[in-house]
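These notes concern the structure reproduced below.
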Amino acid sequence: GAVVSQHPSWVICKSGTSVKIECRSLDFQATTMFWYRQFPKQSLMLMATSNEGSKATYEQGVEKDKFLINHASLTLSTLTVTSAHPEDSSFYICSGRDRWSSYEQYFGPGTRLTVT
Amino acid sequence: GESVGLHLPTLSVQEGDNSIINCAYSNSASDYFIWYKQESGKGPQFIIDIRSNMDKRQGQRVTVLLNKTVKHLSLQIAATQPGDSAVYFCAENPTNTGFQKLVFGTGTRLLVSP
C-alpha cells in the first residue's frame with residue numbers, strides 16, 4: 001500500500017528557532033500533499049494544500065510566512081515552522097494524494113513538535 | 001460553514017460487542033466520505049470509504065452507512081476487539097473546495113474492554 005513517512009517523528013526546539021519537518025511518499029507519486037495540525041484531543045485541521053511545483057494554498061487563519069511549505073518534487077514536501085513559539089507545539093501530520101487518485105489521501109505517522 | 005460533527009465523544013463497549021459510531025455532516029455538496037482510525041501518537045489509518053451514490057459499503061468487520069437525506073454517516077464494527085480501541089474520525093470531501101481536501105469530524109474515542 002501507499003506509504004508516507006515523516007521526519008523527524010518528534011522534535012523539541014527553543015522558542016524563536018525554526019524547525020523543518022519532512023514528508024515523503026515512499027512508493028507513489030504525490031502530486032498533492034496536505035499538511036494538518038492536531039492539538040491534543042482535537043481533530044485534524046488542514047493548514048495548507050500544496051501541489052508539486054506550485055505555491056501552497058493556505059487555509060484561512062494560517063500564516064503563510066510562519067509556516068513555509070515547499071513541494072519541490074513528487075515525493076517530498078517540507079513544512080518549516082519559523083520563529084516557533086510554545087503555542088505552535090502540536091502534532092503535525094502530512095498526507096499525499098496519488099496522482100492517479102481523485103480522493104484518497106495517505107497519511108504520514110505525524111511529527112510531535114514541542115516548543116520550549 | 002463546513003462542519004462535520006459526531007454525536008458521541010466516547011463509546012465504551014465490551015469485547016465481542018458490535019460498535020456503532022455516528023457522524024453528522026453539514027455540506028450537502030460532499031460526494032465522498034471516509035472513516036479513519038487514529039491510535040495515540042500515530043497518523044490516521046484508512047478504514048473504509050463511501051461515495052455519495054451509495055448507501056452502504058462493507059469491508060472486513062466494518063460497514064459504513066450513508067443517509068444523505070439527514071446527512072448522517074455511521075461506522076459499524078462487528079465483534080469489536082481490544083485492538084479496535086482508538087479515536088475514529090469521519091471525513092468528507094466537499095466538491096466545492098477545488099482541491100479535493102478533506103474536512104474532519106471531531107472524533108469519537110472507542111474503548112473496548114476485554
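Computed from a prediction, not measured in an experiment: that's the story for all the values here. Labels below follow one simple rule: chain letters A, B, ... track the order of the sequence lines, proteins then strands, and each chain is numbered from 1. The basis for the numbers below is simple: all heavy atoms, side chains too, and nothing from hydrogens, waters or symmetry mates.
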When you group the ILVMFWY residues by side-chain heavy-atom contacts below 4.5 Å and let the links chain together, are A/F67 and A/L113 in the same group? yes
Applying a strict under-4.5 Å side-chain criterion to I, L, V, M, F, W and Y, I'd like to know whether A/F28 and A/F34 cluster together. no
Quick one: does A/Q105's side chain get under 4.5 Å of B/I34's, heavy atoms only? no
Contacting region of A/L46 [heavy-atom separation from chain B under 4.5 Å]: side chain
Verify the cluster assignment for B/L73 and B/L65: are they in a single hydrophobic cluster under the rule of side-chain heavy atoms below 4.5 Å apart? no
Would you say B/Y88 and B/L66 are hydrophobically clustered, going by side-chain heavy atoms of ILVMFWY under 4.5 Å? yes
Quick check on the structure: residues of residues 41-49 of chain B within a heavy-atom distance below 4.5 Å of chain A, by number. B/G41, B/K42, B/G43, B/P44, B/F46
Minimum side-chain heavy-atom gap A/T57-B/K101 below 4.5 Å: no
Residues of residues 76-86 of chain A contacting chain B, heavy-atom criterion under 4.5 Å, by residue number: none
Can you tell me which portion of A/Y36 sits under 4.5 Å from chain B's heavy atoms? Options are side chain, backbone, both or neither. side chain
So what's closer than 4.5 Å to chain B heavy atoms on A/Q6: side chain, backbone, both or neither? neither
Can you tell me if A/S43 uses its side chain to pair, donor with acceptor, with the backbone of B/G107 under 3.5 Å? no
Could you report the tightest heavy-atom contact between B/F89 and A/L44, atom names first, then the distance? CE1-CD1, 4.3 Å
Under a 4.5 Å side-chain heavy-atom rule over Ile, Leu, Val, Met, Phe, Trp and Tyr, are B/Y36 and A/M45 clustered together? no
Rounded at 0.5 Å granularity, tell me how far NZ in A/K41 sits from OG1 in B/T106. 14.5 Å
By ring pair (Phe, Tyr, Trp, His ring centres under 6.0 Å), which residues pair with B/Y32, not counting sequence neighbours? A/Y103
Within the supplied structure, the quantity of interest is the number of heavy atoms (other residues, nucleotides, ligands) at a distance under 6.0 Å from B/K56 NZ; does it exceed 12? no
With B/T80 via side chain to side chain donor-acceptor pair (under 3.5 Å) - residues at least two apart: B/S19
Is the number of heavy atoms from other residues, nucleotides or ligands within 6.0 Å of CD (A/E87) greater than 12? yes
